[in-house]
Protein chains: 2
Amino acid sequence: MDFKEELGKRTQEIEMILSACAPKEEGYQKTIFQAMNYSLMAGGKRLRPMLIQETYRLFGGSHEAVVHPFMAAIEMIHTYSLIHDDLPALDNDEYRRGRKTSHVVFGEAMAILAGDALLNYAFETASKAFDLAEDTEEFKCVAKALQILSSKPGIYGMIGGQVVDVEREGQPLDKTVLDFIHEMKTSALIECSMMIGAVLAGADGPALNKVEQMAKNIGISFQIQDDILDVTGSPEVLGKPIHSDEKNHKTTYVTLFGIDGAMAEAEHFSQIAIDLLEEMSEAKGMENPFLMELICQLVHREK
Amino acid sequence: MDFKEELGKRTQEIEMILSACAPKEEGYQKTIFQAMNYSLMAGGKRLRPMLIQETYRLFGGSHEAVVHPFMAAIEMIHTYSLIHDDLPALDNDEYRRGRKTSHVVFGEAMAILAGDALLNYAFETASKAFDLAEDTEEFKCVAKALQILSSKPGIYGMIGGQVVDVEREGQPLDKTVLDFIHEMKTSALIECSMMIGAVLAGADGPALNKVEQMAKNIGISFQIQDDILDVTGSPEVLGKPIHSDEKNHKTTYVTLFGIDGAMAEAEHFSQIAIDLLEEMSEAKGMENPFLMELICQLVHREK
């Protein structure tokens, strides 16, 4: 398997799925469609929809049509959270992935509404999957997937983490609060993605719990790597300025444990994730080498 | 039936259902729970959850537990839309129902997040109804209700109307655009409520279309009355200043057709709604006199 080639193919497929689910830019409310698509179709790694699809494949799912609405939905949720994060009242960012942010292009009112619209449309899109279910069993899997889609990004997941992050900005944090923020803000959507993929392929009980644990550890490791790269990375490779955490007096694993300590922690969490994936692959008697490689790249990534 | 007494009882019951679904104010992210509850539990007519429950009863629904999560969800969606409407970048309102608005009390960042949180939590709450369904039939009704809950408040419903209203602020509008805004901004959530009640009680096909039509006409009539009261009402009875539309150069049915013309239009739309309700009640061989009175009050209301 040529990983890079496979990654390119899959990313392209996801772009097509997103395009198919994105609103057509017509009607009196055209501006909101334009604002939604401006941010949704701005590229990016498409990591979360990819994790849905690859976890579905790991668990032997064979009716991919039912997965597509959820792949689009999770990317809409991720995108809404970025639009609202960038707002003047929050991070006040002018650029995201090298493009002007939503409120700079469309104005603040429309950016707020575009975020609302994407969050709402994520659920509208995902709940269309009921119409694609081929039998009652699959119908019930869609319902379970919707429960996950509506809980992990919410107040006991991503939003919960975002709130604590915003409230404690500039204050020193202890490891417990920092772990809470990481698990909620970063891991929750990764858990959401992988659990949805698993559930739609029929997984539940202990297998689903393992997926959740694996995803949680991937998220934490990913976040620690991000904090390390903010100190050791190169702005050219990262595509964003470094030392932003130091500038914002942000507590990270690096400030708590130093570079070497943070690297050891990242390694620790990635190893748990990879062990869990290997364990699951063996138990299921099936493998997804692409998913394994994707996760390895993710937790030992250079950018 | 003493309508006022019944209305009081039902409102109280809805307050209890909302309380039961509202988040407990504990944990690191406590502030967001407080901000959500500050706006959610601020009183109000609770019209939308009431319409869900009464339409469910009209269609002979008998397992009310499954309706409660949707009643809470629709009020969360209504509340999030008010919090975001009041933001400085939108209407910049300092007061709502005699209380300071969310961003005045909790700051702009937290108000944006509280709105997001309520919208997301609405779907989290409603999708718990799957766990309450007693058989596959009811399970499927919950799925259908979720599809309605995720579409009517969205870009082809409430948000769509809000966008056009914001974009054309201060511009003269023709009747077509004005009707679009009314149908999306005001009718959509009323349609959403009544259709959810009907669907959960097992209605579909032509009966469901009639409910949608009835709700649409209630919404339009309600909105025209609102515009008339902004000219003819008393600030004391309304609890808000009058002549705000004139001040904001807002096109309404009153500016298009004058007071008498607008009253005739309101009468026209209410009559369609009431005729449809009577027709349905007769066809079903059952009545909901409370719902009939509620709608009459709504479309001929004094406040």
Side-chain angles (χ1 to χ4, degrees), chain A residues 23 27-33 35-36 77 80-81 84 87-90 103 107-113 115-117 119-128 130-131 136 139-140 142-144 146-147 149-151 153-156 158-164 166-168 177 180-181 184, chain B residues 23 27-33 35-36 77 80-81 84 87-90 103 107-113 115-117 119-128 130-131 136 139-140 142-144 146-147 149-151 153-156 158-164 166-168 177 180-181 184:
Chain A
Y28 291 124
Q29 70 274 54
K30 195 166 75 175
T31 311
I32 195 77
F33 301 148
M36 290 164 79
I77 289 176
Y80 112 80
S81 78
H84 281 188
L87 284 169
L90 286 119
H103 63 271
E108 213 178 319
M110 208 50 73
I112 293 167
L113 291 168
D116 295 348
L119 175 56
N120 193 126
Y121 199 55
F123 293 105
E124 183 168 353
T125 301
S127 65
K128 285 176 188 158
F130 284 116
D131 303 327
T136 304
F139 197 92
K140 291 194 170 169
V142 171
K144 183 84 192 135
L146 256 181
Q147 290 183 323
L149 186 73
S150 61
S151 56
I155 52 179
Y156 303 108
M158 185 183 71
I159 295 176
Q162 170 69 351
V163 166
V164 179
V166 166
E167 260 197 322
R168 310 241 178 164
V177 176
F180 176 88
I181 294 174
M184 298 287 123
Chain B
Y28 289 124
Q29 70 274 54
K30 195 166 76 175
T31 311
I32 196 76
F33 301 148
M36 291 164 79
I77 289 176
Y80 113 78
S81 78
H84 281 188
L87 285 169
L90 286 118
H103 63 271
E108 213 178 319
M110 207 52 71
I112 292 168
L113 290 168
D116 295 347
L119 176 56
N120 193 126
Y121 199 55
F123 293 105
E124 183 169 353
T125 301
S127 65
K128 285 176 188 158
F130 284 115
D131 302 327
T136 305
F139 198 92
K140 291 193 170 170
V142 170
K144 183 86 191 133
L146 256 181
Q147 289 183 323
L149 186 73
S150 61
S151 56
I155 52 178
Y156 303 109
M158 185 183 72
I159 295 177
Q162 170 69 351
V163 166
V164 180
V166 166
E167 261 197 321
R168 311 242 179 162
V177 177
F180 177 88
I181 295 173
M184 299 287 124

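Sequence lines set the chain letters: A, B, ... in the order given, protein chains first and strands last, and positions in each chain run from 1.
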Item to check | Ser151(A) portion near chain B, given a 4.5 angstrom heavy-atom threshold | outcome: both
Item to check | Check: Gln29(A) and Phe180(B) side chains under 4.5 Å, non-hydrogen atoms | outcome: yes
Item to check | Nearest heavy atoms of Pro23(A) and Ile155(B), plus distance in Å | outcome: CB-CD1, 4.0 Å
Item to check | Asp131(B) side chain near Gln147(A) side chain, heavy-atom distance below 4.5 Å | outcome: yes
Item to check | Most contacts with chain A, counted as non-hydrogen pairs under 4.5 angstrom, among Met110(B), His103(B), Lys30(B) | outcome: Met110(B)
Next on the checklist: Show the nearest heavy-atom pair for residues Arg168(A) and Tyr28(B), with the distance to one decimal.
Outcome noted: NH2-CD2, 3.7 Å
Checklist outcome for this item: Distance col, row Ile112(B):CD1 vs Gln162(A):CD, nearest 0.5 angstrom, shows 10.5 Å
Item to check | Which portion of Leu87(A) sits near chain B, non-hydrogen atoms under 4.5 angstrom | outcome: side chain
Checklist entry - So which of Leu119(B), Val164(B), Asp116(B), Ile159(B) has the biggest tally of heavy-atom pairs under 4.5 Å with chain A? => result Asp116(B)
Item to check | Most contacts with chain B, counted as non-hydrogen pairs under 4.5 angstrom, among Lys140(A), Met184(A), Met36(A) | outcome: Lys140(A)
Item to check | Neighbour count above 12 (heavy atom, 6.0 Å) for Lys128(A) NZ | outcome: yes
Checklist outcome for this item: Answer key: most heavy-atom pairs under 4.5 Å with chain A among Ala143(B), Gly115(B), Gly161(B), Ala111(B) is Ala143(B)
Checklist outcome for this item: Residues at least two apart in sequence or cross-chain that pass ring pair (Phe, Tyr, Trp, His ring centres under 6.0 Å) with Phe130(B), listed by chain then number, are Phe130(A), Phe139(B)
Checklist entry - Of the backbone (N, CA, C, O) and the side chain (C-beta and beyond), which part of Phe33(B) lies under 4.5 Å from a heavy atom of chain A, both, or neither? => result side chain
Item to check | Option that, when pairs with chain B are counted at under 4.5 Å, heavy atom only, ranks first among Leu146(A), Thr31(A), Val166(A) | outcome: Thr31(A)
Checklist entry - Just checking, any donor-acceptor pair under 3.5 angstrom between side chains of Ser150(B) and Ser127(A)? => result yes
Item to check | Mutual orientation of the aromatic rings belonging to His84(A) and His84(B) [parallel < 30°, tilted 30-60°, perpendicular > 60°] | outcome: perpendicular
Checklist outcome for this item: Applying a strict 4.5 Å limit to non-hydrogen atoms, the region of Met158(A) in contact with chain B is neither
